[in-house]
Amino acid sequence: MNAKLSMVCFGEVLWDILPTGRQAGGAPFNVAVHAHQLGFNAKLISRVGEDELGHELLAFMEKKGIETLSVQRGKTHLTGVVKANVSNRSEVTYQIVQPVAWDYISYDSTVSAWVKEANLFVYGSLGARSARSRETLYQLLEEANCKVFDINLRPPHYTRAIVEHLIEKADIVKMNHHELAEVTSWYEYPGEPETAMRHLAERYNLRTVCVTRGENGACLLHNDLFYENQGLYVEVQDTIGSGDSFLAALLYQLQVNPSTQAALDFACATGSYVATQHGATPTLSHTTVESFMQMV
């Protein structure tokens with residue numbers, strides 16, 4: 001493995017069906033694209049169908065610079081689609097079709113080798129909704145170096161038991177403020193974010209807990225120190241992919257930036273910038289984000 005930071009994302013790649021047409025998406029895919037744009041050597045472990053939608057997804061991935069070798073192809077299940085409701089620009093809701101190809105991601109020695117070599121392994125709860133992909137994910141979690149759980153609760157596609165297992169395996173957990181409220185309600189933790197985050201970190205021996213708060217920025221508990229960003233006021237186009245770009249930026253910055261506060265600020269600016277653009281994976285770079293931070 002070369003000196004370039006490497007990331008493997010696991011889970012869904014799909015088409016978001018929007019009123020304006022189709023957009024390639026899925027949180028792990030979005031994170032991989034943004035991670036690649038920001039400097040990671042990023043791979044996506046997923047699965048598509050041997051159908052037109054699958055071939056179009058693979059072509060889109062290649063256009064975004066993500067190699068498609070790590071995406072499995074299957075003939076028995078169709079490529080994933082999601083119907084996204086964007087009537088509320090700040091809170092997108094989803095109708096996620098099941099079962100589809102990414103519910104059947106298989107474990108093999110090649111997939112295992114990619115994960116063992118990567119600096120970071122990123123996964124979410126949606127990729128664990130079906131038995132086959134869940135079994136594969138559980139095996140890979142035993143082999144990964146630094147494990148990043150992007151919770152992404154999408155009812156009814158998760159159970160408390162599975163989410164708890166995925167948190168137990170993580171080193172870093174990222175969630176939004178709604179998900180923090182739900183998860184901490186399981187343990188009757190205090191509602192105040194910092195205290196609740198500290199309880200979670202202690203309970204699960206987590207190095208990092210991050211909570212995004214939409215237009216109100218984010219808070220971060222990292223190596224037992226608490227940081228906050230109050231957010232940036234921007235004109236939102238749509239929030240699809242905003243949280244995914246935030247996570248990619250935060251993970252990169254935590255690796256290279258000596259200031260944790262500066263890392264969080266950069267990540268919040270990245271998420272805000274993506275929210276001002278159409279689609280989940282607009283073109284961006286460090287220069288783009290730095291220029292944006294000076295403008296807002």
Side-chain angles (χ1 to χ4, degrees), residues 1-11 13 24 26-46 57-72 105 108-124 127 137 140-150 169-174 207-208 210 220 222-223 241-271 273-274 280-293:
M1 184 176 65
N2 61 32
K4 191 173 186 181
L5 290 169
S6 58
M7 172 190 292
V8 171
C9 300
F10 176 96
V13 62
F29 168 72
N30 295 339
V31 172
V33 169
H34 290 302
H36 168 73
Q37 295 190 124
L38 293 171
F40 277 103
N41 177 0
K43 283 185 171 65
L44 173 70
I45 296 174
S46 190
L57 266 180
L58 294 173
F60 186 84
M61 285 182 65
E62 289 178 348
K63 181 181 176 182
K64 288 292 186 179
I66 306 294
E67 65 177 58
T68 59
L69 184 64
S70 56
V71 179
Q72 300 169 4
I105 303 170
D108 59 37
S109 59
T110 303
V111 166
S112 170
W114 286 328
V115 171
K116 288 177 180 176
E117 291 173 359
N119 298 109
L120 299 170
F121 179 61
V122 180
Y123 59 100
L137 174 57
L140 294 175
L141 286 171
E142 298 304 319
E143 302 172 346
N145 294 306
C146 181
K147 292 158 281 191
V148 183
F149 183 26
D150 183 13
K169 294 297 180 181
D171 302 294
I172 299 171
V173 171
K174 175 250 180 185
R207 188 178 77 204
T208 305
C210 184
L220 176 69
H222 181 62
N223 293 334
S242 177
D244 304 323
S245 66
F246 168 92
L247 179 59
L250 181 66
L251 292 174
Y252 188 85
Q253 288 289 312
L254 287 177
Q255 301 287 318
V256 303
N257 198 323
S259 167
T260 302
Q261 184 64 57
L264 178 61
D265 294 344
F266 184 92
C268 285
T270 303
Y273 172 78
V274 169
T281 53
T283 300
L284 61 82
S285 66
H286 291 280
T287 302
T288 306
V289 177
E290 287 162 3
S291 299
F292 179 74
M293 291 174 77

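Since the model is a prediction, treat every value here as computed from it, not as a measurement. Atoms considered below: every heavy atom in the structure, side chains included; atoms not considered: hydrogens, waters and symmetry mates.
- With sequence neighbours excluded, the residues forming a side chain to side chain contact (heavy atoms under 4.5 Å, CB included) with Thr287 are Ser285, Ser291, listed by chain and number.
- The shortest distance between side-chain heavy atoms of Thr288 and Phe292 does not fall below 4.5 Å.
- Ala280 approaches Val274 most closely through the heavy-atom pair O-CG1, 4.0 Å.
- Distance check: Glu62 CD to Thr68 OG1 gives 4.5 Å after rounding to the nearest 0.5 Å.
- Minimum interatomic distance between His34 and Leu284 (heavy atoms only, all atoms of both residues): ND1-CD2, 3.6 Å.
- Separating the CG atom in Asn223 from the CG atom in Leu254 is a distance of 9.0 Å, to the nearest 0.5 Å.
- In this structure, the side chain to side chain contact (heavy atoms under 4.5 Å, CB included) partners of Ala35, at least two apart in sequence or on a different chain, are Met7, Phe40, Ala42, Ala248.
- Lys147 pairs by the salt bridge (Lys or Arg N to Asp or Glu O under 4.0 Å) definition with nothing, not counting sequence neighbours.
- For the side chain to side chain donor-acceptor pair (under 3.5 Å) test, residues two or more places apart in sequence or in another chain that qualify with His222 are Thr208.
- With sequence neighbours excluded, the residues that form a side chain to side chain contact (heavy atoms under 4.5 Å, CB included) with Glu67 are Lys43, Leu69.
- Judged purely by atom type and a 3.5 angstrom limit, Asn145 uses its side chain to pair as donor or acceptor with the backbone of Ala118.
- We find the CG-CG distance between Leu5 and Leu120 to be 7.5 Å, quoted to the nearest 0.5 Å.
- Within the 3.5 Å criterion, the main-chain N or O of Gly271 finds a donor-acceptor partner in the side chain of Ser242.
- By the side chain to side chain donor-acceptor pair (under 3.5 Å) test, Asp265 pairs with Asn229, Gln261, sequence neighbours left out.
- With sequence neighbours excluded, the residues forming a ring-ring contact (aromatic ring centres under 6.0 Å, His included) with Tyr123 are Phe121, Phe149, listed by chain and number.
- In this structure, the separation between OG1 on Thr281 and NZ on Lys63 is 9.0 Å, given to the nearest 0.5 Å.
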Stepwise side chain to side chain contact (heavy atoms under 4.5 Å, CB included) check, Val115 with Ile45: CA-CA 9 Å; Val115 171; Ile45 296 174; 3.8 Å; yes
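- When every heavy atom of Ala27 is checked against every heavy atom of Asp150, the shortest pair comes out as CB-OD2, 4.4 Å.
- Put simply, the side chain of Gln37 never gets that close to the backbone of Gly65: no donor and acceptor are under 3.5 Å apart.
- Minimum heavy-atom separation, Leu220 to Cys210: CD1-CB, 3.8 Å.
- A distance of 14.5 Å separates CG of Leu44 from NZ of Lys64, quoted to the nearest 0.5 Å.
- Taking the six-membered ring for Trp and thresholds of 30 and 60 degrees, Phe60 and Phe29 have ring planes inclined between 30 and 60 degrees apart.
- Counting all heavy atoms, side chain and backbone alike, Ser46 lies closest to Ile105 at CA-CD1, 3.7 Å.
- Taking the side chain as every heavy atom from C-beta outward, Thr270 and Tyr273 never approach each other to under 4.5 Å.
- Atom SG of Cys9 is separated from atom CG of Asp244 by 9.0 Å, given to the nearest 0.5 angstrom.
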Might you work through the side chain to side chain contact (heavy atoms under 4.5 Å, CB included) test for Ile172 and Leu250, ending with a clear yes or no? CA-CA 11 Å; Ile172 299 171; Leu250 181 66; over 6 Å; no
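- Asn257 meets the side chain to side chain contact (heavy atoms under 4.5 Å, CB included) test with Gln253, Ser259, Ala262, Ala263; sequence neighbours excluded.
- A donor-acceptor pair shorter than 3.5 Å can be found between the side chains of Ser6 and Asn119.
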